[in-house]
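This report concerns only the one structure given below.
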Amino acid sequence: MQENVAELNARLKELVINRLPKAGSLETGVPGFSIGRHEGKLSCQGRCMGKPCCSLLIAGNKVTTLGTRVYRYGAGDCLVAGIDMPSSFHVMYASHVDPCIYLLLELKPELFTRLIVDHPSLTADLSSTVMDEGATVMEASLDLYRAFYRLFELIDDPRKAEVLAPLIIEELHYHLLVSKAGPVLKNYHALGAASNRIFKAISYLKNHVSTNLFINEVAAEVNMAPSTFYRHFKKVMGMTPVQFQKQLRLYEAQRLMLEGTSVSSAAFRVGYESTSQFSRDYKSFFGAPPNRDVRERMMNIAV
């Protein structure tokens, strides 16, 4: 029997509800593939650094902020993010009886690049795309639903998943490249494209989080004139490279403290020379002083 989007959506909803009888999230065992269920209005715990991902919303409505852009989407829609971006979200109109349900796949930039290199025809329309959009929302196609459903079926069979999951994940990357999200993804992962240099700059900044960098240095790393680099970076991220690096430092310090590092040690490890300045920046960004914020997050994790 030929299935359709509505049937697959209903089946996936039932499968997720069976796995998650109450609100929460679950790593499926397939690397990079997770599922989640939200109930009630929920905001992201503070802020987080979102990774490249495809989030398929099975039920409910969400509002996600990536960088400075706001994306609203509902059941049957995909949020596709092509690069690491500061992120926050909240759920609308969800309850235990009518939960918000999603599937999340972390995307692999190297897969996009390999597909584009091996199949140059995929970038035939690259010149007509825009470069100041790091994410997009689109209606999920039947091909995407079928691939996600087959990926879900592998959860209980690790031996089969080891062989087949990478193939299905690559297939999902292909379907995204040829979808309405394609222009965003091609811009960031086609070698030589201007936006791909911004993607490389983000990676460079992440790898040098504790180093005081100058715009000229980062621009040189990605072979762009400083003024051009600055302008394009701000278009994509909604902030300057220096502001972005400060946020990266705060995210990394938070991660270190959640692992048991003291406030002062975390501050120095991410490049701060003053603990008091670090605490002020941290409170301004996350909404609470470091010790209190980490303590509350640890309590939420333990629940």
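Quick caveat, the model's predicted, so the values are computed rather than measured. No hydrogens, no waters, no symmetry mates; every other heavy atom, side chains included, goes into these values.
Thr113 places a side-chain N or O within donor-acceptor distance of the main-chain N or O of Pro109, the cut-off being under 3.5 Å. One N or O on the side chain of Thr261 and one on the backbone of Leu256 form a donor-acceptor pair closer than 3.5 Å. Looking at Glu162, its side chain never comes within 3.5 Å of a backbone N or O of Arg159 through a donor-acceptor pair. Judged purely by atom type and a 3.5 angstrom limit, Glu106 has no side-chain atom pairing as donor or acceptor with the backbone of Cys54. Panel note: side chain Asp84, backbone Lys51; no donor-acceptor pair is recorded below 3.5 Å. Not a single donor-acceptor pair under 3.5 Å links the side chain of Asp157 to the backbone N or O of Leu154. Of the possible donor and acceptor atoms, one in the side chain of Arg37 sits under 3.5 Å from a partner among the backbone N and O of Leu20.
Counted within 6.0 Å of CD on Glu139, heavy atoms from surrounding residues, nucleotides or ligands total 12 or fewer; the atom is thus considered open.
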In residues 163-184, what donor-acceptor pairs under 3.5 Å come from side-chain atoms, sequence neighbours left out?
unit_1, atom_1, unit_2, atom_2, d
Glu170, OE1, Arg114, NH2, 2.8
Glu170, OE2, Arg114, NH2, 3.1
Glu171, OE1, Arg150, NH1, 3.2
Glu171, OE1, Arg150, NH2, 2.9
Glu171, OE2, Arg150, NH2, 2.7
Glu171, OE2, His175, NE2, 3.0
His173, ND1, Ile169, O, 2.7
His173, NE2, Lys108, N, 2.8
Ser179, OG, Leu176, O, 2.7
Ser179, OG, Ala181, N, 3.1

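Among residues two or more places apart in sequence or in another chain, the side chain to side chain contact (heavy atoms under 4.5 Å, CB included) test is passed with Ala75 by none. Applying the side chain to side chain donor-acceptor pair (under 3.5 Å) criterion to Arg280, with sequence neighbours excluded, gives Gln277. Qualifying side chain to side chain donor-acceptor pair (under 3.5 Å) partners for Tyr230, counting only residues two or more places apart in sequence or in other chains: none. Applying the side chain to side chain contact (heavy atoms under 4.5 Å, CB included) criterion to Glu14, with sequence neighbours excluded, gives Asn18. Residues satisfying the side chain to side chain contact (heavy atoms under 4.5 Å, CB included) test with Ser95, not counting sequence neighbours, are Val97, Asp98. With sequence neighbours excluded, no residue forms a salt bridge (charged side-chain N to carboxylate O under 4.0 Å, His left out) with Arg72. Remark: Glu259 engages Arg255 in a salt bridge (charged side-chain N to carboxylate O under 4.0 Å, His left out) (not counting sequence neighbours). By the salt bridge (charged side-chain N to carboxylate O under 4.0 Å, His left out) test, Arg249 is found to be paired with no residue, residues two or more places apart in sequence or in another chain being considered.
Under the 4.5 Å side-chain heavy-atom criterion for grouping Ile, Leu, Val, Met, Phe, Trp and Tyr, Phe285 is not connected to Phe268 through any hydrophobic cluster.
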Q) Hey, mind stepping through Leu12 and Phe152 against side chain to side chain contact (heavy atoms under 4.5 Å, CB included) and telling me if it holds? A) CA-CA 8 Å; Leu12 283 167; Phe152 203 111; 4.1 Å; yes
Q.
What verdict does the side chain to side chain contact (heavy atoms under 4.5 Å, CB included) test give for Thr136 and Leu79, after you've listed the backbone C-alpha separation in whole Å, the side-chain angles of each residue and the deciding distance to 0.1 Å?
A. CA-CA 6 Å; Thr136 191; Leu79 172 69; over 6 Å; no
Q: Please step through side chain to side chain contact (heavy atoms under 4.5 Å, CB included) for the pair Phe233 and Val218, ending with a clear verdict.
A: CA-CA 11 Å; Phe233 191 98; Val218 185; over 6 Å; no
(Q) Assess the residue pair Cys100 and Asn61 against the criterion (side chain to side chain contact (heavy atoms under 4.5 Å, CB included)); give the C-alpha distance rounded to whole Å, side-chain angles, the decisive distance to 0.1 Å, and a yes or no. (A) CA-CA 7 Å; Cys100 178; Asn61 293 276; over 6 Å; no
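Note: Phe148 and Phe33 have tilted aromatic rings, judged against thresholds of 30 and 60 degrees for the angle between ring planes.
Atoms OH and CG, on Tyr149 and Leu103 in that order, are 12.0 Å from each other to the nearest 0.5 Å. Interatomic distance, Ser55 OG to Leu105 CG, rounded to the nearest 0.5 Å: 10.0 Å. The distance from the CG atom of Leu26 to the OG atom of Ser34 is 8.0 Å, given to the nearest 0.5 Å.
Aromatic pair Tyr251/Tyr282: centroids not less than 6.0 angstrom apart.
The cationic group of Lys62 does not satisfy the cation-pi geometry with Tyr73, failing either the under 6.0 Å distance to the six-membered ring centre or the 45° limit from the ring axis.
Counting only residues at least two apart or in different chains, salt bridge (charged side-chain N to carboxylate O under 4.0 Å, His left out) contacts with residues 19-34 comprise Arg19-Asp156. Legend: salt bridge (charged side-chain N to carboxylate O under 4.0 Å, His left out) pairs involving residues 238-248, not counting sequence neighbours, sorted by first then second residue: Lys246-Asp281. Pairs of residues two or more places apart, or lying in two chains, that qualify as ring-ring contact (aromatic ring centres under 6.0 Å, His included) and include a residue from residues 204-225 are Tyr204-His208.
Using modelled atom types and a 3.5 Å distance limit, the side chains of Ser279 and Ser276 yield no donor-acceptor pair.
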